[in-house]
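Have a look at the structure below, then the notes.
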Amino acid sequence: RNVIVKVFTHKLSGWRHVIREWKGLNTLVNRKINVPDPLFLGKTEKGDWVVVTEKINDSNTVLEIFNYTQNPEKKLELLLLMCRELAIQHKAGVLQKDFHLENFIQANGKIYTLDPGQMKFFTQEVPKDKSISNLAMLMLYLQDNDKISRDIICGEYFKLRRWKYTNQEEYPIQKQIELQRKKGIKRGLKKCLRTSKRVFRIKKDGITAVFDKTFCNETKALDFINQIDNLILEGKILKNGNTCYVSHLAWNNNNIVIKRYNHKNLLY
């Protein structure tokens, strides 16, 4: 049987995260929300906590489908499908605190929800203010000036929640879109400074660095750091000022520019 194994490696907080994940999965099942079946909760041979769920075959994340789709009408249809799923979950008292399209997969015409560890569960329907905040995060996938699509999605969501969508609702929704955009930028900036699917972070011998994984591996990264000053001097100088030194060179089959900010004084 194809399964997904999620290992929680943190020695101190692993137990807390795994229990939140397991409880979240089972709560979603009880509330009739489509999720991969929870199959196993336990430990690996090394003592790490683990959750095993079924693997939904022939599935892709909604974000992958959205990015792959070129037709604007098809993109809108996909967002409407997500809008309906969002309304179903909010009516069931489920709020996705870390809402983004990578946390959902589509298969056989259904939307399945992932990562229940970032969810909040209510005993009643999700309140209107929190619902609109979540809906605004879905709106971030639209073009800023696409008011027509925004009205279509909001109208569909409000209809499913049995609310009336009027012109008065537009302003608070727009304010939430702006707020969620700012929050999203802050989250993205934090993620780009820690190891993730796209980047890795090195902290060794007094050195801290973040590399894009497509640029080099960790072994070459340390070599790059250790010889970076020599590389700068050997390259073609583009700028040599008091504030920064800029050099163009080729390294590891990459055509790159290095910009070094010069030390001035301790306060600076």
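As the structure is a computational prediction, the values presented were derived from the model and not from experiment.
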Ignoring hydrogens and geometry, is there a side-chain-to-backbone donor-acceptor pair from S133 to D129 under 3.5 Å?
no
Hey, is the main chain of K110 close enough, under 3.5 Å, to the side chain of N108 for a donor-acceptor pair?
no
Do [X] and [Y] have side-chain N/O donor and acceptor atoms under 3.5 Å apart?
X    : Y    : value
E170 : Q174 : no
N242 : K264 : no
Q227 : D223 : yes

Close side-chain approach of S131 and R161, heavy atoms under 4.5 Å
yes
So do the side chains of L142 and I153 get within less than 4.5 Å of each other, counting heavy atoms only?
yes
I'd like to know if E156 and K159 make a salt bridge, using a cut-off of under 4.0 Å between side-chain N and carboxylate O.
yes
I want to know whether F215 and F200 have ring centres closer than 6.0 Å.
no
Are F8 and W49, when compared by the centres of their aromatic rings, separated by less than 6.0 Å?
no
NZ or CZ of K75 within 45° of F66 ring axis and under 6.0 Å:
yes
Side chain to side chain contact (heavy atoms under 4.5 Å, CB included), paired with L249, selected from V257, N255, I256:
I256
